[in-house]
Amino acid sequence: MRNTRYQNNSGKTPQTDRKPGFRSFFDSGKNIATNVKPGESFIFEDSFRPKKSFPFLTPVQAVKKFLHIPEERPKPLEKGTLRVIPFGGTEQVGLNCMGFEYEDEMIIIDMGLQFADQYQYGINCSIPDLTYCRGKKIVGVGITHGHIDHIGAIYYLMEQLGRSTPIYATAMAFELIKMKQGDMKATLTHLSEYVRYRPVQMGKHFQITPFVVDHSIPDSVGLLIETPVGRFVHTGDWKFDKQPLPNRPSTNYEWIEALGKRGVRGLFSDSTNAHLLGSSISESAVIHSIEEIFEKSPGRVITATFSSIIDRVMLIISTSEKYNRKVVLLGRSMNNYIDIAIKLGYVRPKPGTIISMSDAAKLPDNEITICCTGAQGERYAALMRIVTGESKDTTLKADDAIIFSSSVIPGNERAVQGLFDLITQQGPKIHHYKESEIHAGGHAKEEDTKKMISLLNPEFYIPIYGFPHMLRWNARNAYDLGYAKDHVPVLRNGKLLEFTKDIMRETDQYVSKKLITIDGRMVGYTWEQELHDRFQISSQGVLVVGISKKTAWYNIKYDVVGLPPVDTVPGLETSLDNAIRNILKDLSGFKDALAFTDFVSRKTVDLMLAETGKEPKVVVVVQ
């Protein structure tokens with residue numbers, strides 16, 4: 001036994017520090033006698049009663065339980081009514097997917113995924129819940145651009161809807177979707193490339209016209225959706241770029257303004273940066289800051305960004321050429337995206353600019369640029385492997401310059417800060433977007449949003465694509481322009497919005513919006529309960545209680561995962577044994593083995609919390 005032991009209140013260990021009659025808020029009734037040497041383990045007791053954290057609710061789940069917003073089931077669609085279904089993207093950045101239904105037909109705009117948050121241990125991502133689409137006639141899917149939060153769920157959702165469902169995308173997204181379907185060995189038989197400003201008829205009731213918008217990936221479009229109840233505009237992700245990069249189309253302001261003069265019922269607009277003041281900076285404005293870093297760097301320049309931010313990679317390549325550097329693209333996704341961009345003419349490197357890492361090893365460091373993924377601190381991204389010495393391609397050098405050329409996604413701050421620390425310990429200098437203009441966002445800010453509203457002059461303005469606070473700030477942009485609140489509905493995932501030729505209705509009807517996870521190769525099998533179990537296991541560990549009956553007595557054994565062995569914690573094994581044997585004295589109250597194991601599990605968790613301050617996942621095995 002350790003040097004710390006529990007003793008009963010028998011007077012052997014006097015309580016000289018307590019006032020007569022005083023009892024602290026929590027007192028287990030035990031005194032802890034200590035004779036602990038420096039560096040040894042021990043159990044302490046404080047004056048606060050341990051508080052249960054499990055069963056666990058995330059903050060979002062807790063708020064929904066508290067507010068208890070009434071959600072009616074969808075009613076039959078009335079004749080002459082257009083129903084808008086936000087399958088995702090109105091309560092998060094990602095999961096972008098929206099349906100438009102009229103009579104017997106429906107179209108879907110975007111099929112994006114969302115990466116796991118801090119409570120969703122182990123899953124790859126989540127995808128929209130299209131349960132509402134069962135039995136519906138899907139006449140077309142329109143894609144606004146090739147970012148993964150808009151196309152990442154296509155493979156999984158098309159397995160549900162049918163691979164023959166018509167799907168349309170512009171050139172860049174078209175090529176990325178084809179590449180993914182090749183990886184997944186699932187051919188989409190009606191994947192088509194639509195042309196900017198050329199209408200596409202989807203079924204009897206919908207005509208879609210893609211129009212150019214500026215974003216951080218080429219071939220981004222908004223969609224004009226013409227329906228029997230009027231014209232609607234879906235912007236996709238967008239911003240206004242006053243100095244767009246070469247070799248690609250940009251916003252046609254005259255076309256947008258002319259569309260506004262024809263009349264627009266509703267504008268569905270990106271909210272991701274609409275809460276930020278001012279206008280988005282141009283991608284061209286980043287050039288000077290990046291050139292300054294290249295000019296002053298004595299060694300290699302290593303840039304970290306998303307492989308899908310084609311504009312930034314293109315800029316890095318052209319800057320490298322200006323300063324006589326060769327470029328190494330590290331990572332499969334980085335090479336795939338740039339290969340497609342080169343094929344389509346959006347990236348035009350000089351012959352010999354892009355080389356392999358083995359060829360770069362033969363050159364002086366000041367003639368090398370490495371472009372890789374990992375700006376979010378991902379554990380096994382190319383940059384992290386370089387920093388930790390796990391990359392087979394290269395390792396850090398003290399005179400490297402590291403450029404983080406993308407903003408930090410909310411929730412990734414700790415991972416990025418940890419990566420910064422690992423880099424600076426080895427000598428390289430870090431450059432990031434907070435110290436200089438080396439990143440231009442791809443989303444419209446407040447002034448851009450107001451300009452788009454003014455150009456299109458819609459009857460209704462509907463913020464989409466963003467967290468709830470972003471949608472509400474975006475709504476304020478319309479209020480500032482004189483829109484009444486009843487003309488600016490703020491959506492929630494699954495909440496139905498309806499239009500007729502005369503009115504717009506915000507309903508209290510919701511379609512199914514349950515969490516659909518991609519977990520390894522399993523789609524939709526892992527739900528909240530399994531994720532809660534993983535969260536509990538990750539923070540509290542696992543205690544396995546084995547109970548086997550001998551002829552006249554019970555044998556009890558314990559095993560742990562992520563916790564110290566039970567017999568190494570003073571008094572814990574004895575307390576557990578006593579509690580379980582008390583239960584075993586009378587089994588008549590249990591209707592079956594499951595009721596018994598559940599009861600033992602709950603009592604064991606309570607005891608573990610009281611004795612150790614931990615709430616492990618308890619598994620009871622009866623033999």
Side-chain angles (χ1 to χ4, degrees), residues 1 5-9 25-30 32 43-59 61-62 64-66 119-122 514-515 525-623:
M1 183 175 287
R5 64 185 186 278
Y6 284 102
Q7 294 183 340
N8 292 329
N9 271 334
F25 175 71
F26 173 68
D27 188 344
S28 68
K30 297 178 180 179
I32 300 178
I43 292 283
F44 72 90
E45 186 170 328
D46 57 27
S47 60
F48 297 97
R49 182 181 300 277
K51 187 175 181 181
K52 290 182 68 66
S53 299
F54 298 90
F56 180 77
L57 290 177
T58 69
Q61 292 166 338
K64 287 183 177 179
K65 181 179 179 181
F66 170 71
Y119 301 111
Q120 296 174 333
Y121 283 90
K514 62 182 179 289
L515 177 69
Y525 289 99
T526 306
W527 288 14
E528 279 88 352
Q529 182 56 55
E530 289 78 21
L531 295 177
H532 292 174
D533 287 346
R534 291 180 187 181
F535 182 73
Q536 183 174 8
I537 291 167
S538 71
S539 61
Q540 306 296 317
V542 180
L543 172 62
V544 180
V545 180
I547 304 174
S548 57
K549 186 174 183 180
K550 302 300 180 182
T551 305
W553 53 283
Y554 289 95
N555 186 33
I556 305 174
K557 292 185 177 181
Y558 307 97
D559 199 2
V560 293
V561 178
L563 288 168
V566 168
D567 60 1
T568 67
V569 179
L572 180 58
E573 186 171 21
T574 299
S575 296
L576 288 170
D577 281 351
N578 291 339
I580 294 171
R581 292 190 189 283
N582 280 335
I583 298 172
L584 291 168
K585 288 178 182 178
D586 182 10
L587 301 179
S588 61
F590 302 107
K591 64 179 182 180
D592 53 30
L594 180 60
F596 169 73
T597 56
D598 284 347
F599 185 78
V600 172
S601 176
R602 291 197 304 272
K603 292 299 182 182
T604 302
V605 171
D606 291 344
L607 191 147
M608 286 291 293
L609 181 62
E611 296 278 340
T612 68
K614 302 297 290 184
E615 289 182 84
K617 180 71 178 176
V618 174
V619 179
V620 180
V621 180
V622 179
Q623 296 178 329

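Quantities reported herein were computed from a predicted structural model and do not represent experimental measurements. One is the number of the first residue; the rest follow in order along the sequence.
One distance of note links CG of L563 with OG1 of T612; it measures 7.5 Å at 0.5 Å rounding. Atoms CD and OH, on E530 and Y525 in that order, are 12.5 Å from each other to the nearest 0.5 Å. Rounded to the nearest 0.5 angstrom, L531 CG and T526 OG1 are separated by 6.5 Å. In this structure, K550 NZ and Q623 CD are separated by 8.0 Å, a value rounded to the nearest 0.5 Å. To the nearest 0.5 angstrom, N578 atom CG is 11.5 Å from I583 atom CD1.
L607 places a side-chain heavy atom less than 4.5 Å from the side chain of L572. Within the 4.5 Å cutoff, the side chain of K52 has heavy atoms near those of the V605 side chain. Residues F66 and L57 have side chains not in contact (no heavy-atom distance under 4.5 Å, counting atoms from C-beta outward). With contacts defined as side-chain heavy-atom distances shorter than 4.5 Å, the pair V622/V600 does not qualify.
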**Study point:** Test side chain to side chain contact (heavy atoms under 4.5 Å, CB included) applied to E611 and V569, step by step
**Key:** CA-CA 9 Å; E611 296 278 340; V569 179; over 6 Å; no
Point to revise | Verdict with supporting geometry, D577 and Y558, side chain to side chain contact (heavy atoms under 4.5 Å, CB included) | key: CA-CA 10 Å; D577 281 351; Y558 307 97; 2.6 Å; yes
For a quick test of your reading: what N or O donor-acceptor pairs under 3.5 Å do the side chains of residues 538-547 make, sequence neighbours left out?
| from | atom 1 | to | atom 2 | distance (Å) |
| --- | --- | --- | --- | --- |
| S538 | OG | R534 | O | 3.4 |
| S538 | OG | F535 | O | 2.8 |
| S539 | OG | F535 | O | 3.1 |
| Q540 | OE1 | E615 | N | 2.8 |

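Here T597 pairs with nothing under the side chain to side chain donor-acceptor pair (under 3.5 Å) rule; sequence neighbours left out.
Taking the six-membered ring where the residue is Trp, F56 and H532 present perpendicular rings, their angle passing 60° and hence far from 30°. Using bins of under 30°, 30° to 60° and over 60° for the plane-to-plane angle, the ring pair F599/F590 lands in the tilted bin.
No side-chain donor-acceptor contact under 3.5 Å links D533 and Y121.
Shown here is K514, whose NZ atom has more than 12 heavy atoms of other residues, nucleotides or ligands within 6.0 Å. Counting heavy atoms of neighbouring residues, nucleotides and ligands inside a 6.0 Å radius, atom NZ of K614 exceeds 12 of them.
Residues Y554 and R581 come closest through the heavy atom pair O-NH1, 2.9 Å.
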